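See below for the structure under consideration.
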Amino acid sequence: MHVLKFGGSSVANAENINKVIQLVRQALDKDRTILVVSALGGITDTLIQAGISAAAGDDAYKEKLLEIERRHLETVKSLLPITGQSAVLSAVKTRCNEIEDICSGVYLLGELSPRTQDKIVSYGELLASIILSAHLAALGVPHEWKDSRRLIRTNSHFGHATVDFARSNALIREAIDASSTNLFVFPGFIASNDNGITTTLGRGGSDYTAAILAAAVDASTLEIWTDVSGMMTADPRLVTSPKLIPHISYQEAMELSHFGAKVIYPPTIQPVMRKAIPVWIKNTFSPADPGTIIEAGTTRNGSSIRGISSIPRIALLSLEGSGMVGIPGFSQKLFEALANHQINVILITQGSSEHSICVGIDDANALVAKQAVDQAFEHEIGIGTVEPLVIERDLAIIALVGDRMKSHPGVSGKMFGALGRNGVNVRAIAQGSSERNISAVVATGDVRKAINVLHEEFFETTYKQLNLFITGTGNVGRRLLDQLLQQQTWLLRHLRIQLRVVGLANSRKMIFQDEGIDLHEWKEQLDSGGRMQLDGWLEGITSRNLRNSVFVDVTANADVAEQYPTLLQKSISIVACNKIACSSNYVQYRRLKDLAREYNARFLFETNVGAGLPVIGTLNDLLRSGDTVRRIEAVLSGTLNFVFNHYKGDRPFSEVVRQAQHEGYTEPDPRLDLSGTDVMRKIMILARESGQKTEMQDIDNRSFLPDSCREGSVEDFYAAMIKEEQHFSALYHAAAAEGKKLKFVARYNEGKASVGLQHIGPDQDLYHLYGKDNVVLFFTDRYPEQPLVVKGAGAGAEVTASGVFADILRAINS
């Protein structure tokens with residue numbers, strides 16, 4: 001014999017019930033069958049709402065009852081031929097009238113006891129099973145309808161009754177053995193106490209009914225038919241690509257169901273586990289899918305983890321005090337106080353110092369728990385040996401479950417490392433001695449992120465998701481987006497990185513797309529976005545709380561740079577093309593570096609110095625490997641190198657500068673380049689990365705730009721350069737007369753930094769530098785005479801965008 005249970009979605013309407021009948025007929029071809037059915041989908045909730053409304057004196061309960069009656073009558077009419085409807089319609093109507101009579105009494109009394117609520121909700125399963133039984137009869141399928149209340153005996157704990165297995169098993173076996181029929185139909189969820197008063201087995205209790213029946217008759221299998229194709233590695237509502245668990249042990253299934261997996265009701269496992277009866281989780285709407293089998297032995301799945309689950313709405317109770325240390329009985333007193341008020345403890349953790357104990361409970365019981373515990377420890381609180389109970393709310397439990405964690409060291413480290421890197425703060429930790437689960441308490445707002453992080457860490461062999469928020473769509477920003485589009489497929493195929501631009505903003509507009517912006521159409525989508533407001537942009541980024549988030553700043557905006565601390569404190573990595581943050585005062589620079597370290601985020605700014613050149617990365621590699629930088633010589637402005645490589649005195653200096661700006665080599669205001677300010681920033685950043693507390697005012701700037709060129713607008717600047725052409729021409733000819741070139745050189749030597757225009761001869765390293773190239777020479781303890789040289793294009797939107805792109809990939813590969 002085998003037992004089939006169908007949930008509410010499987011019997012929600014006539015169409016679905018016909019699918020159930022087809023599956024039942026297939027089962028009957030193999031063996032005798034017990035069929036257990038839930039209430040029609042949504043009916044139990046409606047019955048509960050009707051009872052609550054009636055108790056509150058709200059006439060709306062009548063509308064709910066009419067809706068319940070209408071659904072059942074329509075189901076009967078859809079399933080049965082007209083000639084066979086009368087008796088069933090009458091039976092449905094009779095029971096609906098009974099529900100109305102009970103609710104009317106509740107309405108008059110203004111009270112809904114647990115016993116009365118059990119009576120009300122029991123009608124859901126009764127009606128569904130009666131209708132299904134009538135449909136089987138109309139189809140000519142021999143069967144017997146059995147009232148579960150006559151066979152399953154419980155105590156009088158209404159709402160969640162405890163089964164008397166000895167009596168129930170005997171009654172069930174007697175009823176089944178006394179019949180020669182091959183099919184039995186049972187309403188799930190309901191039972192009765194010794195006085196025949198209706199009780200219920202708790203929400204999801206139809207699964208439990210099926211397991212009780214299966215164990216009683218020693219069934220060969222128990223099949224739980226629902227609307228999902230088995231148990232998954234994580235909740236599909238939280239994770240976009242959960243994986244099917246084809247095999248799972250009884251113990252693992254109990255752990256996952258206890259920690260929130262909704263596919264199977266937690267107590268279901270116990271009766272069948274004792275009899276070693278395998279349980280299949282199958283999909284009524286995709287019966288060919290393999291589903292999940294729950295049994296004693298399981299196959300390896302390539303991971304020590306079987307699944308991830310969570311329990312929402314948790315409150316954390318913390319009891320602590322010096323008077324607890326070394327004194328037996330404190331824990332017992334705490335648990336007795338909670339038990340006396342029917343408060344279930346979900347999680348327990350206690351430090352070895354015995355100074356505190358922490359328990360997790362349902363948030364709905366938090367205030368009652370505080371009153372109970374404070375009252376129990378009233379004396380100790382009064383004399384100061386114990387502090388009043390502290391409650392933390394708006395929390396949830398996430399749990400890793402797997403039988404094989406015990407034999408795999410490092411699982412906890414991997415779990416908490418992944419959570420920490422993504423800024424998920426863990427409030428409490430618990431792990432049983434069986435090492436079958438590791439539980440952590442986190443903020444409710446972090447649950448989705450935490451589960452996705454852990455799922456990616458333990459189950460995602462296909463890809464790692466990277467979520468980008470890009471600010472700035474100017475020359476560099478546009479090219480960055482083009483490069484991201486070009487490489488999306490390659491990154492997924494070769495590096496298994498799923499790169500998504502989730503947010504995009506410029507000075508006018510901003511847009512968020514949680515599934516990722518289509519980079520083929522980013523311009524059109526951004527144009528139709530909302531008005532850019534920096535506070536709203538920041539809120540949109542932080543509130544999404546996505547794993548592996550990277551903020552990309554491709555602006556030169558000081559207000560944007562001021563937001564970096566907020567982002568880092570949310571463990572959002574920052575890739576900054578914007579130089580403002582790193583060239584601000586040293587205290588701010590140091591704070592950003594420290595925040596990144598503290599909150600496990602990356603703060604990357606390679607393009608601040610050499611566009612796409614690996615200047616900062618090379619410097620950091622030198623320092624991390626134990627080298628010491630003694631001196632740096634560099635041409636750090638691709639703009640100035642371009643200008644002085646193209647200026648020969650045969651055309652105006654201003655014209656060469658305009659060419660550089662037109663080709664995208666200058667800042668929006670070229671004076672930042674020509675004044676040496678931009679080079680000062682770059683050498684200061686290198687000095688700071690070398691370990692010096694350098695400020696802008698510490699750098700000696702021997703500028704070649706006349707004062708007249710520093711005033712007014714950009715166009716005023718160009719006009720001033722025309723007037724100062726003789727000055728620029730003299731600079732060129734002075735160098736040319738010596739057979740040398742003009743180079744704007746940055747130097748750092750033993751803690752001192754300077755920038756300025758110099759005459760560079762053919763025998764010097766900086767002489768052979770053409771176009772917009774930059775070069776950086778590192779003189780270190782390991783490279784004292786022959787420097788380590790980094791050389792290449794140091795300006796241009798394309799190479800700068802590629803440098804930003806490289807930093808983005810560094811952020812996720814940390």
Side-chain angles (χ1 to χ4, degrees), residues 471-479 505-509 531-534 553-562 576-585 607-609 611 636-684 696-697 699 701-732 742 744 746 755-757 772 794-798 800-801:
T471 312
T473 58
N475 284 338
V476 176
R478 285 198 303 273
R479 285 167 174 79
N506 57 25
S507 59
R508 298 175 294 104
K509 297 280 188 175
R531 186 168 67 88
M532 172 58 172
Q533 293 179 306
L534 192 54
D553 182 3
V554 201
T555 73
N557 189 293
D559 291 337
V560 174
E562 286 178 3
C577 185
N578 188 343
K579 300 183 187 71
I580 290 174
C582 287
S583 59
S584 60
N585 65 75
T607 54
N608 279 198
V609 172
L636 293 173
S637 174
T639 303
L640 286 171
N641 203 43
F642 178 92
V643 168
F644 287 116
N645 278 332
H646 286 79
Y647 181 61
K648 309 296 182 186
D650 54 353
R651 61 179 176 136
F653 188 75
S654 61
E655 187 177 311
V656 177
V657 176
R658 274 199 188 275
Q659 180 187 348
Q661 184 176 29
H662 178 73
E663 294 186 22
Y665 299 142
T666 75
E667 297 286 345
D669 185 344
R671 283 172 291 191
L672 289 173
D673 298 296
L674 271 66
S675 67
T677 301
D678 192 50
V679 177
M680 290 173 69
R681 288 173 175 171
K682 293 177 178 180
I683 194 65
M684 179 176 69
M696 284 287 279
Q697 60 266 27
I699 301 171
N701 181 6
R702 295 183 291 277
S703 177
F704 67 89
L705 200 64
D707 290 341
S708 62
C709 296
R710 301 174 186 271
E711 305 297 329
S713 66
V714 173
E715 286 307 312
D716 293 335
F717 158 66
Y718 278 108
M721 279 196 295
I722 294 172
K723 293 178 182 179
E724 297 284 357
E725 178 60 29
Q726 187 176 352
H727 166 75
F728 299 119
S729 177
L731 291 173
Y732 169 75
L742 290 172
F744 198 86
V755 301
L757 197 62
K772 59 183 182 296
E798 199 70 40
T800 304

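Keep in mind it's a predicted model, so treat the numbers as computed, not measured. Just so you know, these numbers use all the heavy atoms, side chains as well, and skip hydrogens, waters and symmetry mates.
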To check you understand the geometry: which heavy-atom pair defines the closest contact between [X] and [Y], and what is its length?
{"X": "G477", "Y": "V554", "value": "N-CG1, 3.6 Å"}
{"X": "L636", "Y": "A746", "value": "CD1-CB, 3.9 Å"}
{"X": "R651", "Y": "E725", "value": "O-OE2, 4.1 Å"}
{"X": "I580", "Y": "A558", "value": "CD1-N, 3.4 Å"}

Item to check | Pairs flagged by salt bridge (charged side-chain N to carboxylate O under 4.0 Å, His left out) wherever residues 713-724 is involved - sequence neighbours left out | outcome: R658-E715
Quick check against the 3.5 Å criterion: does [X] have a side-chain atom that pairs as donor or acceptor with the backbone of [Y]?
{"X": "T800", "Y": "A611", "value": "no"}
{"X": "N557", "Y": "G472", "value": "no"}
{"X": "R671", "Y": "E711", "value": "yes"}
{"X": "N608", "Y": "A576", "value": "yes"}
{"X": "Y718", "Y": "E655", "value": "no"}
{"X": "R681", "Y": "T677", "value": "no"}

If I take atom [atom1] from residue [X] and atom [atom2] from residue [Y], how far apart are they, to the nearest 0.5 angstrom?
{"X": "Q697", "Y": "M684", "atom1": "CD", "atom2": "CE", "result": "9.0 Å"}
{"X": "F744", "Y": "S703", "atom1": "CZ", "atom2": "OG", "result": "6.0 Å"}
{"X": "R702", "Y": "I699", "atom1": "CZ", "atom2": "CD1", "result": "12.0 Å"}
{"X": "D707", "Y": "C709", "atom1": "CG", "atom2": "SG", "result": "9.0 Å"}
{"X": "N475", "Y": "E798", "atom1": "CG", "atom2": "CD", "result": "10.5 Å"}

Checklist entry - Got a sec, which residues hit side chain to side chain donor-acceptor pair (under 3.5 Å) with T471, two or more places apart in sequence or on another chain? => result W537
Checklist entry - Take atom CZ in R508; do more than 12 heavy atoms of anything else shown fall under 6.0 Å from it? => result no
Checklist entry - L674 and side chain to side chain contact (heavy atoms under 4.5 Å, CB included): which partner among T666, D669, L705, V679? => result L705
Next on the checklist: Using 30° and 60° as the class boundaries, would you call the ring planes of F644 and F704 parallel, tilted or perpendicular?
Outcome noted: perpendicular
Next on the checklist: Run the salt bridge (Lys or Arg N to Asp or Glu O under 4.0 Å) test against E562 and tell me which residues pass, sequence neighbours left out.
Outcome noted: none
Checklist entry - Quick one: does K579's side chain get under 4.5 Å of D678's, heavy atoms only? => result yes
Next on the checklist: With heavy-atom distances below 4.5 Å as the criterion, would you say the side chains of S654 and F728 are in contact?
Outcome noted: no
